[in-house]
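Inspection log for the structure reproduced underneath, given as structure tokens.
Note that the numbering runs from 1 along the sequence shown for the chain.
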Amino acid sequence: MATQQTFASAAIPLSASDHKAAASASPPKSPWILDRWRDLLFFVGTPLLLIPLFTVVQRRWSAQDIYLFVAAFGAMGHHLPGMIRAYGDRALFERFKTRFIIAPIALLTVCIWGSLYNIQAIQLLALTWGIWHGMMQTYGFGRIYDAKASARAPARARADLALCFAWFLAAVLLSPMRMRTLLDVYYESGGPIIPAAVMGALRAAVVLGLGLVTIAFLWRQWSDWQGGRGASAVKIALLTTSIAFWWYCNNGVQNILVGVALFEVFHDVQYLSIVWIYNRTRVERDQSIRGFMRFVFRRSGSLIGVYVGLVMAYGSIAFLQSSAAVEWIKHGLIGVVTASALLHFYYDGFIWKVRETQTRAMLGIDGAGVSAAPARRRAAWPAWAGHSLRWAALAIPFAFLCAAQLFGRAVPPLDRLAKIAEVVPQDAQAQLNYGKALHEAGRVQEAIPRYESAIARKPSLAEAEFYLGLALSDLGEWERSLAHYERALSLDPKNAKAECNIAGILVGKRMYDEARRRYEHSLQLDPTLFLAHKELGDLLCHAGEYDAAIDQYNQALRLRPNFPEAKDNLAFARSLAGH
């Protein structure tokens with residue numbers, strides 16, 4: 001969720017029955033959205049539960065598997081409740097009909113086109129907008145809690161927004177892993193090179209700004225407390241846990257995919273919980289809400305299961321995308337998934353606003369004695385003009401990047417990876433990626449220091465040990481190569497390629513029995529490793545086991561029909577076997 005003054009919903013004037021109910025009964029003041037324990041569980045203290053949960057989960061599943069699951073069933077799934085509200089609330093739909101009709105058609109068209117032509121600018125837009133979106137949800141929850149506690153809440157809005165912006169931005173810019181990912185997509189999108197000196201100056205400015213904003217915020221809280229105008233204690237707790245958790249997810253994890261998944265789950269739990277309670281209250285208080293929205297959000301414990309099931313079902317579209325075999329279906333699904341994310345960010349920017357009368361009533365803010373937000377000045381230009389200008393701020397740089405990529409002005413891969421390694425020298429994966437690019441370009445001697453740098457920064461990086469072993473093998477340094485392959489295998493026991501390459505070195509040392517065992521083990525780990533089938537066939541042929549060798553050659557050719565060495569050796573083994 002995100003907005004300029006977030007959290008909650010687009011303002012539709014309250015019905016007469018709502019006004020009458022508000023006038024006849026003032027609900028008791030409460031600093032909570034739901035109640036103490038549920039707020040702590042779903043909104044404030046969720047990170048304290050997620051970190052140990054993910055620690056356990058990582059023992060069984062890889063970071064990639066965790067990320068794919070969360071991205072499908074969580075990241076995309078949680079878009080559904082907002083869509084139900086946008087298209088199920090008749091008054092809301094009528095108010096923003098043009099946006100709700102044009103936006104999905106336009107974004108879906110652009111996203112499918114972007115998938116067909118591999119336009120990376122769309123992914124860059126989704127990444128950056130997603131970061132802003134997550135920050136604005138934290139800010140929005142802070143506004144809700146402060147509004148429940150103080151009539152002076154609107155005056156604190158700028159201080160809260162500045163604090164969230166400073167800390168969220170700093171966590172990203174100071175995260176080598178996150179910056180490596182963003183810069184990679186940015187350069188693939190056609191973005192011009194950013195000198196390392198500029199990035200260094202930007203980081204310094206952000207750190208300075210972070211310190212100043214934090215000091216100003218704390219001073220404001222202290223002066224308000226001294227004057228008996230203290231902000232909501234729940235808000236302070238929420239900002240503390242949310243910002244600390246965001247920092248941990250960007251800078252405290254070993255794998256950025258795990259960090260992204262962690263914060264996504266936190267974001268989804270908050271969003272699904274508050275949208276549920278908001279829509280249920282809306283349905284109970286407005287009899288004009290009919291159809292599917294009334295069915296899903298009416299008061300019934302069993303419907304919570306239906307709600308979660310619908311969210312999971314919607315998220316399965318993203319899961320199907322990763323397994324689609326037909327190209328046009330795959331591109332279509334990628335377009336749908338990307339468009340869903342962008343629509344979610346866009347709709348949440350205007351349908352959930354704390355300053356709106358209806359939103360405040362549904363969340364119990366006005367009932368807590370908070371004065372209504374002050375009337376806004378009449379705009380100097382029509383609303384559609386301001387809205388168009390905001391879209392232009394996205395569309396113009398997006399079009400520039402698309403043109404740069406389509407007309408071949410994107411930074412070449414080797415130069416791109418070199419610049420990223422220069423900007424984030426402390427990131428092991430950035431050094432490894434640059435080393436692999438040098439290796440592929442035939443610059444093996446230059447690749448080796450990059451691999452060594454990656455290992456020095458992250459000794460547990462099995463991939464760096466493997467590629468260092470490969471580089472040394474290419475240079476004929478067999479003993480050193482073998483040591484690094486063994487190290488890679490100890491870090492990643494399922495690395496079939498390392499096992500296969502070790503076997504190749506053992507063949508050169510005439511240790512045939514050990515080499516055979518290694519080849520067989522590599523094929524147990526990965527039966528699709530065609531090179532291991534061919535090499536094992538050579539070893540069996542050398543041992544006089546021609547029929548077994550023929551079987552291995554056939555397996556290699558089944559996996560890679562255009563494999564000249566396997567074809568030649570198969571013919572030779574057949575002649576020796578008398579076939």
F319, CZ atom: more than 12 neighbouring heavy atoms under 6.0 Å
no
Distance col, row E188:CD vs I119:CD1, nearest 0.5 angstrom, shows 11.5 Å
Separation of L257 CG from E264 CD (nearest 0.5 Å)
13.0 Å
Could you please spell out the steps behind the side-chain hydrogen bond (donor to acceptor under 3.5 Å, both in side chains) verdict for N433 and Q429?
CA-CA 6 Å; N433 292 344; Q429 191 65 45; 3.0 Å; yes
Would you be so kind as to tabulate the donor-acceptor pairs closer than 3.5 Å made by side chains of residues 193-208, with sequence neighbours excluded?
{"from": "R203", "atom 1": "NE", "to": "L173", "atom 2": "O", "distance (Å)": "3.1"}
{"from": "R203", "atom 1": "NH2", "to": "V423", "atom 2": "O", "distance (Å)": "3.3"}

Once you round to the nearest 0.5 Å, how far does CG of L53 lie from CG of L48?
12.5 Å
Does the side chain of D547 reach to within under 4.5 Å of the side chain of L540, using non-hydrogen atoms?
no
In short, L80 meets V311 closest at the heavy-atom pair CD2-N, 4.0 Å
Look at the side chain of T46 and the backbone N and O of L41, then say whether any donor-acceptor pair between them is shorter than 3.5 Å.
yes
H484-Y451 side chain donor-acceptor pair, cut-off 3.5 Å:
no
Is there a side-chain contact between L491 and F466, using heavy atoms and a 4.5 Å cut-off?
no
Pairwise side-chain contact, W247 with S242, heavy-atom cut-off 4.5 Å (strictly under):
no
Looking just at side-chain N and O atoms, do Q120 and Q405 make a donor-acceptor pair shorter than 3.5 Å?
no
pair F563-L531: side-chain heavy atoms closer than 4.5 Å:
yes
Just wondering, more than 12 heavy atoms not from Y512 lying within 6.0 Å of its OH?
yes
Taking the six-membered ring where the residue is Trp, are the ring centres of W167 and W246 under 6.0 Å apart?
no
Under 3.5 Å, side-chain donor or acceptor atoms of residues 60-76 against the rest of the protein: list the pairs with distances, not counting sequence neighbours.
{"from": "S62", "atom 1": "OG", "to": "D65", "atom 2": "N", "distance (Å)": "3.2"}
{"from": "S62", "atom 1": "OG", "to": "D65", "atom 2": "OD2", "distance (Å)": "3.2"}

To the nearest 0.5 Å, atom OH of Y467 lies from atom CG of L438 at 13.5 Å
Nearest-0.5 Å distance that lies between atom CG in D268 and atom CZ in F266
11.0 Å
Any chance CD of E446 has more than 12 other-residue heavy atoms, nucleotides or ligands included, within less than 6.0 Å?
yes
Counting N and O atoms only, with roles assigned by atom type, does the side chain of K534 sit under 3.5 Å from a partner on the main chain of Y553, one being a donor and the other an acceptor?
no
Side-chain contact test, heavy atoms from C-beta onward, threshold under 4.5 Å: evaluate it for H78 versus H267 and give yes or no.
yes
When you compare the side chains of S522 and R518, does any donor N or O come within less than 3.5 Å of an acceptor on the partner?
no
Please round to the nearest 0.5 Å and tell me the distance separating atom CG of L406 and atom OH of Y117.
8.5 Å
Do the non-hydrogen side-chain atoms of L343 and Y347 ever get within less than 4.5 Å of each other?
yes
For residues H133 and Y271, establish whether the separation of their ring centroids is below 6.0 Å.
no
